[in-house]
There are 2 protein chains.
Amino acid sequence: MADNVRRSMPLFSMGIVQKLTGLTARQIRYYEENDLINPERSEGNRRVFSFNDVDRLLDIKSLLDEGVNLAGIRRVLSEKPVEANRPAEAKKAMSDAELMKFLKSELVQAGKFGKASLIQGELSRFFR
Amino acid sequence: MADNVRRSMPLFSMGIVQKLTGLTARQIRYYEENDLINPERSEGNRRVFSFNDVDRLLDIKSLLDEGVNLAGIRRVLSEKPVEANRPAEAKKAMSDAELMKFLKSELVQAGKFGKASLIQGELSRFFR
DNA sequence: ATAAGCTGTGAGATAAGCTAACATCGTTTG
DNA sequence: CAAACGATGTTAGCTTATCTCACAGCTTAT
(Lines give C-alpha, C1' and ligand atoms only; values in the text may rest on other atoms or scores of the structure.)
Protein backbone atom coordinates (compact mmCIF):
# COMPACT_ATOMS: atom_id res chain seq x y z
CA MET A 1 0.00 0.00 0.00
CA ALA A 2 2.97 2.29 0.57
CA ASP A 3 3.77 0.98 -2.86
CA ASN A 4 0.44 2.18 -4.16
CA VAL A 5 1.13 5.62 -2.88
CA ARG A 6 4.55 5.68 -4.41
CA ARG A 7 3.27 4.53 -7.74
CA SER A 8 0.47 7.05 -7.75
CA MET A 9 2.55 10.03 -6.74
CA PRO A 10 2.11 12.80 -9.32
CA LEU A 11 5.48 13.41 -10.96
CA PHE A 12 5.42 13.82 -14.71
CA SER A 13 4.28 16.60 -17.00
CA MET A 14 2.39 16.09 -20.21
CA GLY A 15 5.48 16.64 -22.33
CA ILE A 16 7.48 13.96 -20.57
CA VAL A 17 4.64 11.48 -20.68
CA GLN A 18 4.35 12.00 -24.40
CA LYS A 19 7.98 11.04 -24.73
CA LEU A 20 7.73 8.11 -22.35
CA THR A 21 4.68 6.66 -24.06
CA GLY A 22 4.95 7.83 -27.63
CA LEU A 23 1.35 9.04 -27.47
CA THR A 24 0.17 12.49 -28.51
CA ALA A 25 -1.36 14.94 -26.06
CA ARG A 26 -4.61 14.62 -27.95
CA GLN A 27 -4.67 10.88 -27.41
CA ILE A 28 -3.81 11.11 -23.75
CA ARG A 29 -6.54 13.68 -23.13
CA TYR A 30 -9.02 11.60 -25.04
CA TYR A 31 -8.27 8.55 -22.93
CA GLU A 32 -8.79 10.62 -19.84
CA GLU A 33 -12.07 11.86 -21.28
CA ASN A 34 -13.04 8.21 -21.53
CA ASP A 35 -12.02 7.40 -17.97
CA LEU A 36 -9.13 5.17 -18.89
CA ILE A 37 -6.79 7.29 -16.82
CA ASN A 38 -7.30 9.97 -14.25
CA PRO A 39 -4.12 11.99 -13.72
CA GLU A 40 -3.82 14.50 -10.93
CA ARG A 41 -3.96 18.21 -11.68
CA SER A 42 -1.60 20.95 -10.62
CA GLU A 43 -2.86 24.07 -8.92
CA GLY A 44 -2.98 25.68 -12.32
CA ASN A 45 -4.92 22.80 -13.89
CA ARG A 46 -1.99 21.13 -15.63
CA ARG A 47 -2.08 17.34 -15.68
CA VAL A 48 0.53 15.69 -13.50
CA PHE A 49 0.99 11.97 -14.16
CA SER A 50 2.09 9.20 -11.85
CA PHE A 51 3.97 6.03 -12.67
CA ASN A 52 0.63 4.30 -12.55
CA ASP A 53 -0.73 6.66 -15.15
CA VAL A 54 2.21 6.07 -17.47
CA ASP A 55 1.75 2.41 -16.86
CA ARG A 56 -1.86 2.47 -17.92
CA LEU A 57 -1.06 4.55 -20.95
CA LEU A 58 1.43 1.95 -22.10
CA ASP A 59 -1.20 -0.71 -21.51
CA ILE A 60 -3.66 1.27 -23.58
CA LYS A 61 -1.19 1.79 -26.37
CA SER A 62 -0.34 -1.85 -26.48
CA LEU A 63 -3.97 -2.90 -26.56
CA LEU A 64 -4.76 -0.39 -29.28
CA ASP A 65 -1.96 -1.85 -31.35
CA GLU A 66 -3.68 -5.21 -30.97
CA GLY A 67 -6.83 -3.70 -32.40
CA VAL A 68 -8.82 -3.49 -29.18
CA ASN A 69 -11.04 -0.42 -29.11
CA LEU A 70 -11.43 1.91 -26.16
CA ALA A 71 -14.54 0.17 -24.89
CA GLY A 72 -12.66 -3.09 -24.88
CA ILE A 73 -9.70 -1.52 -23.20
CA ARG A 74 -11.95 -0.10 -20.55
CA ARG A 75 -13.10 -3.63 -19.84
CA VAL A 76 -9.63 -5.11 -19.84
CA LEU A 77 -8.34 -2.44 -17.52
CA SER A 78 -11.37 -2.54 -15.29
CA GLU A 79 -9.57 -5.15 -13.19
CA LYS A 80 -7.39 -2.29 -12.03
CA PRO A 81 -9.92 0.49 -11.64
CA VAL A 82 -8.74 4.06 -12.00
CA GLU A 83 -9.79 4.65 -8.41
CA ALA A 84 -6.92 2.41 -7.42
CA ASN A 85 -4.72 5.08 -8.84
CA ARG A 86 -5.71 7.57 -6.19
CA PRO A 87 -5.37 6.16 -2.73
CA ALA A 88 -6.54 8.31 0.12
CA GLU A 89 -3.03 9.34 1.04
CA ALA A 90 -2.41 10.74 -2.40
CA LYS A 91 -5.76 12.46 -2.55
CA LYS A 92 -5.55 14.58 0.55
CA ALA A 93 -3.22 17.23 -0.78
CA MET A 94 0.08 16.91 1.01
CA SER A 95 1.96 20.06 1.75
CA ASP A 96 5.24 20.36 -0.04
CA ALA A 97 7.10 19.59 3.13
CA GLU A 98 4.95 16.56 3.78
CA LEU A 99 5.43 15.35 0.25
CA MET A 100 9.17 15.65 0.59
CA LYS A 101 9.22 13.95 3.95
CA PHE A 102 7.05 11.24 2.57
CA LEU A 103 9.24 10.71 -0.45
CA LYS A 104 12.25 10.39 1.78
CA SER A 105 10.72 7.79 4.04
CA GLU A 106 9.39 5.89 1.07
CA LEU A 107 12.85 5.79 -0.40
CA VAL A 108 14.23 4.43 2.80
CA GLN A 109 11.57 1.75 2.85
CA ALA A 110 12.48 0.83 -0.67
CA GLY A 111 16.11 0.59 0.32
CA LYS A 112 15.50 -1.44 3.44
CA PHE A 113 13.34 -4.08 1.90
CA GLY A 114 15.20 -4.20 -1.37
CA LYS A 115 11.95 -3.19 -2.95
CA ALA A 116 11.70 -3.28 -6.68
CA SER A 117 11.77 -0.26 -8.94
CA LEU A 118 9.13 2.38 -8.80
CA ILE A 119 8.41 1.66 -12.39
CA GLN A 120 8.13 -2.01 -12.57
CA GLY A 121 4.66 -3.44 -12.28
CA GLU A 122 2.48 -3.05 -15.28
CA LEU A 123 5.15 -1.19 -17.14
CA SER A 124 7.37 -4.20 -17.54
CA ARG A 125 4.59 -6.60 -18.44
CA PHE A 126 4.62 -5.71 -22.09
CA PHE A 127 8.16 -5.71 -23.32
CA ARG A 128 10.63 -8.42 -24.13
CA MET B 1 26.32 2.07 -16.58
CA ALA B 2 22.84 1.33 -17.83
CA ASP B 3 22.06 2.50 -14.35
CA ASN B 4 23.83 5.78 -15.00
CA VAL B 5 21.76 6.36 -18.03
CA ARG B 6 18.58 5.59 -16.17
CA ARG B 7 19.48 7.87 -13.34
CA SER B 8 20.41 10.71 -15.67
CA MET B 9 17.36 10.49 -17.88
CA PRO B 10 15.64 13.89 -17.97
CA LEU B 11 12.20 13.48 -16.42
CA PHE B 12 11.14 16.21 -14.03
CA SER B 13 10.04 19.79 -14.50
CA MET B 14 11.09 22.67 -12.31
CA GLY B 15 7.80 22.68 -10.45
CA ILE B 16 8.04 19.04 -9.48
CA VAL B 17 11.64 19.36 -8.41
CA GLN B 18 10.72 22.24 -6.18
CA LYS B 19 8.22 20.00 -4.46
CA LEU B 20 10.56 17.04 -4.28
CA THR B 21 13.41 19.05 -2.81
CA GLY B 22 11.71 21.89 -0.99
CA LEU B 23 14.02 24.33 -2.73
CA THR B 24 12.88 27.47 -4.55
CA ALA B 25 13.37 27.96 -8.26
CA ARG B 26 15.76 30.78 -7.46
CA GLN B 27 17.95 28.50 -5.40
CA ILE B 28 17.98 25.74 -7.96
CA ARG B 29 18.95 28.14 -10.72
CA TYR B 30 21.65 29.64 -8.56
CA TYR B 31 23.15 26.22 -7.88
CA GLU B 32 23.17 25.54 -11.57
CA GLU B 33 24.84 28.90 -12.15
CA ASN B 34 27.54 27.69 -9.79
CA ASP B 35 27.95 24.36 -11.57
CA LEU B 36 26.61 22.24 -8.76
CA ILE B 37 24.04 20.74 -11.07
CA ASN B 38 23.60 20.72 -14.80
CA PRO B 39 20.06 19.73 -15.76
CA GLU B 40 19.11 19.06 -19.34
CA ARG B 41 17.05 21.59 -21.28
CA SER B 42 13.90 21.07 -23.28
CA GLU B 43 13.65 22.27 -26.85
CA GLY B 44 12.11 25.44 -25.49
CA ASN B 45 14.89 25.98 -22.94
CA ARG B 46 13.02 24.72 -19.90
CA ARG B 47 15.08 22.75 -17.39
CA VAL B 48 14.37 19.04 -17.26
CA PHE B 49 15.84 17.27 -14.24
CA SER B 50 16.98 13.70 -13.80
CA PHE B 51 16.96 11.55 -10.68
CA ASN B 52 20.64 12.37 -10.40
CA ASP B 53 19.86 16.06 -10.43
CA VAL B 54 17.24 15.70 -7.70
CA ASP B 55 19.72 13.61 -5.84
CA ARG B 56 22.38 16.28 -5.95
CA LEU B 57 19.91 18.96 -4.99
CA LEU B 58 19.02 17.03 -1.86
CA ASP B 59 22.73 16.66 -1.15
CA ILE B 60 23.18 20.37 -1.57
CA LYS B 61 20.26 21.18 0.64
CA SER B 62 21.49 18.88 3.33
CA LEU B 63 24.98 20.34 3.23
CA LEU B 64 23.65 23.88 3.32
CA ASP B 65 21.67 22.99 6.41
CA GLU B 66 24.96 21.90 7.95
CA GLY B 67 26.38 25.32 7.24
CA VAL B 68 28.62 24.34 4.35
CA ASN B 69 28.83 27.08 1.73
CA LEU B 70 28.56 26.53 -1.98
CA ALA B 71 32.29 26.44 -2.49
CA GLY B 72 32.53 23.73 0.12
CA ILE B 73 29.66 21.86 -1.42
CA ARG B 74 31.34 22.06 -4.76
CA ARG B 75 34.32 20.35 -3.21
CA VAL B 76 32.31 17.72 -1.42
CA LEU B 77 30.35 16.90 -4.53
CA SER B 78 33.41 16.99 -6.75
CA GLU B 79 33.79 13.25 -6.13
CA LYS B 80 30.76 12.86 -8.34
CA PRO B 81 31.42 15.43 -11.04
CA VAL B 82 28.45 16.90 -12.83
CA GLU B 83 29.79 15.36 -16.01
CA ALA B 84 28.90 12.02 -14.51
CA ASN B 85 25.34 13.21 -14.77
CA ARG B 86 25.46 13.21 -18.51
CA PRO B 87 26.83 10.02 -19.91
CA ALA B 88 27.31 9.84 -23.62
CA GLU B 89 24.16 7.82 -24.14
CA ALA B 90 22.06 10.50 -22.51
CA LYS B 91 23.83 13.30 -24.29
CA LYS B 92 23.29 12.21 -27.85
CA ALA B 93 19.67 13.23 -28.11
CA MET B 94 17.58 10.09 -28.41
CA SER B 95 14.58 10.24 -30.63
CA ASP B 96 11.31 9.85 -28.80
CA ALA B 97 10.97 6.33 -30.10
CA GLU B 98 14.47 5.46 -29.01
CA LEU B 99 13.86 6.92 -25.61
CA MET B 100 10.73 4.87 -25.19
CA LYS B 101 12.37 1.72 -26.43
CA PHE B 102 15.25 2.35 -24.11
CA LEU B 103 13.03 2.93 -21.12
CA LYS B 104 11.23 -0.31 -21.84
CA SER B 105 14.37 -2.38 -22.03
CA GLU B 106 15.71 -0.73 -18.94
CA LEU B 107 12.59 -1.63 -17.08
CA VAL B 108 12.88 -5.20 -18.13
CA GLN B 109 16.46 -5.30 -16.95
CA ALA B 110 15.37 -3.90 -13.64
CA GLY B 111 12.71 -6.55 -13.38
CA LYS B 112 14.96 -9.43 -14.35
CA PHE B 113 17.68 -8.69 -11.87
CA GLY B 114 15.36 -7.52 -9.13
CA LYS B 115 17.12 -4.23 -9.42
CA ALA B 116 16.46 -1.62 -6.84
CA SER B 117 14.39 1.49 -7.33
CA LEU B 118 15.32 4.11 -9.83
CA ILE B 119 15.51 6.58 -7.01
CA GLN B 120 17.62 4.92 -4.51
CA GLY B 121 21.30 5.71 -4.61
CA GLU B 122 22.28 9.07 -3.29
CA LEU B 123 18.74 9.97 -2.54
CA SER B 124 18.38 7.51 0.28
CA ARG B 125 21.75 8.28 1.82
CA PHE B 126 20.49 11.18 3.82
CA PHE B 127 17.38 10.17 5.62
CA ARG B 128 16.67 8.07 8.64
C1' DA C 1 32.74 49.19 6.64
C1' DT C 2 33.08 46.94 2.27
C1' DA C 3 32.77 43.12 -0.09
C1' DA C 4 31.09 38.69 -1.14
C1' DG C 5 27.54 35.11 -0.80
C1' DC C 6 22.87 33.59 -0.91
C1' DT C 7 18.01 34.36 -1.59
C1' DG C 8 13.77 37.22 -2.63
C1' DT C 9 11.16 39.73 -5.87
C1' DG C 10 9.56 41.89 -10.03
C1' DA C 11 9.36 42.74 -15.01
C1' DG C 12 8.95 41.22 -19.53
C1' DA C 13 9.19 37.40 -22.76
C1' DT C 14 7.99 32.82 -24.34
C1' DA C 15 7.10 27.90 -23.89
C1' DA C 16 3.98 24.49 -22.68
C1' DG C 17 -0.34 23.25 -21.24
C1' DC C 18 -5.61 23.70 -21.29
C1' DT C 19 -10.39 23.67 -23.43
C1' DA C 20 -13.38 23.83 -27.19
C1' DA C 21 -14.56 23.38 -31.77
C1' DC C 22 -14.26 21.64 -36.22
C1' DA C 23 -11.96 18.52 -39.78
C1' DT C 24 -10.73 13.88 -41.38
C1' DC C 25 -11.00 9.22 -42.18
C1' DG C 26 -11.99 4.55 -41.38
C1' DT C 27 -15.50 1.46 -39.45
C1' DT C 28 -20.27 0.36 -38.01
C1' DT C 29 -24.94 0.27 -38.48
C1' DG C 30 -29.56 1.28 -40.12
C1' DC D 1 -25.33 3.57 -49.55
C1' DA D 2 -25.77 7.18 -46.19
C1' DA D 3 -25.65 8.48 -41.70
C1' DA D 4 -23.52 7.77 -37.26
C1' DC D 5 -19.66 6.67 -34.55
C1' DG D 6 -14.85 6.26 -32.98
C1' DA D 7 -10.30 7.91 -32.81
C1' DT D 8 -7.11 11.37 -33.95
C1' DG D 9 -5.35 15.78 -36.08
C1' DT D 10 -5.41 20.64 -36.13
C1' DT D 11 -6.35 25.31 -34.93
C1' DA D 12 -7.56 29.19 -32.05
C1' DG D 13 -7.54 31.69 -27.87
C1' DC D 14 -6.31 31.68 -23.18
C1' DT D 15 -3.65 30.72 -18.83
C1' DT D 16 0.11 28.86 -16.27
C1' DA D 17 4.89 27.69 -15.73
C1' DT D 18 9.32 28.80 -16.61
C1' DC D 19 13.17 31.68 -18.35
C1' DT D 20 16.53 35.56 -18.01
C1' DC D 21 18.00 39.72 -16.09
C1' DA D 22 18.27 43.11 -12.80
C1' DC D 23 18.12 45.02 -8.41
C1' DA D 24 17.14 44.71 -3.35
C1' DG D 25 18.27 42.85 1.24
C1' DC D 26 20.31 40.24 4.64
C1' DT D 27 24.44 37.65 6.54
C1' DT D 28 29.00 36.47 6.88
C1' DA D 29 33.71 37.11 5.91
C1' DT D 30 37.72 40.37 5.05
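Source: prediction; values computed, not measured.
Per the geometry, CD belonging to B:Glu32 stands 12 Å off P belonging to D:dC21, to the nearest Å. A straight line from CD of B:Glu40 to P of D:dC19 spans 13 Å, rounded to a whole angstrom. What separates CD of A:Glu33 from C1' of D:dT8 is a distance of 12 Å, to the nearest Å.
Considering only residues two or more places apart in sequence or on other chains, A:Arg26 meets the side-chain hydrogen bond (donor to acceptor under 3.5 Å, both in side chains) condition with none of them. When the side-chain hydrogen bond (donor to acceptor under 3.5 Å, both in side chains) test is applied to B:Arg47, the partners found at least two apart in sequence or on another chain are B:Glu32. Considering only residues two or more places apart in sequence or on other chains, B:Ser42 meets the side-chain hydrogen bond (donor to acceptor under 3.5 Å, both in side chains) condition with none of them. Under the side chain to side chain contact (heavy atoms under 4.5 Å, CB included) criterion, B:Val76 pairs with B:Leu63, sequence neighbours left out. The side-chain hydrogen bond (donor to acceptor under 3.5 Å, both in side chains) search around B:Asn45 returns B:Arg41, not counting sequence neighbours.
A close approach under 4.0 Å does occur between a side-chain nitrogen or oxygen of A:Arg47 and OP1 or OP2 of C:dT19.
Separating the CG atom in B:Leu58 from the CG atom in B:Leu20 is a distance of 8.0 Å, to the nearest 0.5 Å. Rounding to the nearest 0.5 Å gives a distance of 12.0 Å between CD of B:Gln27 and CG of B:Leu36.
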Pick out the pairs of N or O atoms, protein on one side and nucleotides 12-17 of chain D on the other, that lie under 3.5 Å.
| from | atom 1 | to | atom 2 | distance (Å) |
| --- | --- | --- | --- | --- |
| D:dT15 | O2 | A:Arg46 | NH2 | 3.2 |
| D:dT16 | O4' | A:Arg46 | NH1 | 3.2 |
| D:dT16 | O2 | A:Arg46 | NH1 | 2.9 |
| D:dA17 | OP1 | A:Ser42 | OG | 3.3 |
| D:dA17 | OP1 | A:Gly44 | N | 3.3 |

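B:Asp59 and B:Ser62 share no side-chain donor-acceptor pair at under 3.5 Å.
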Report summary line: With sugar-phosphate taken as primed atoms, P, OP1 and OP2 and all else as base, the protein-contact string of nucleotides 4-11 of chain C at under 4.0 Å (heavy atoms; B, S, -) is -SBBBB--
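Inter-residue side-chain proximity for B:Met9 and B:Glu40 is flagged as unmet; no heavy-atom pair is nearer than 4.5 Å.
Ring pair B:Phe12/B:Phe51 is perpendicular by interplanar angle, where above 60° counts as perpendicular and below 30° as parallel.
Annotation: the terminal axes of the helix from C:dA1-D:dT30 to C:dG30-D:dC1 meet at 20°, where each axis is the rotation carrying the C1' atoms of four end pairs onto the next four (5 pairs per end, rounded to 10°).
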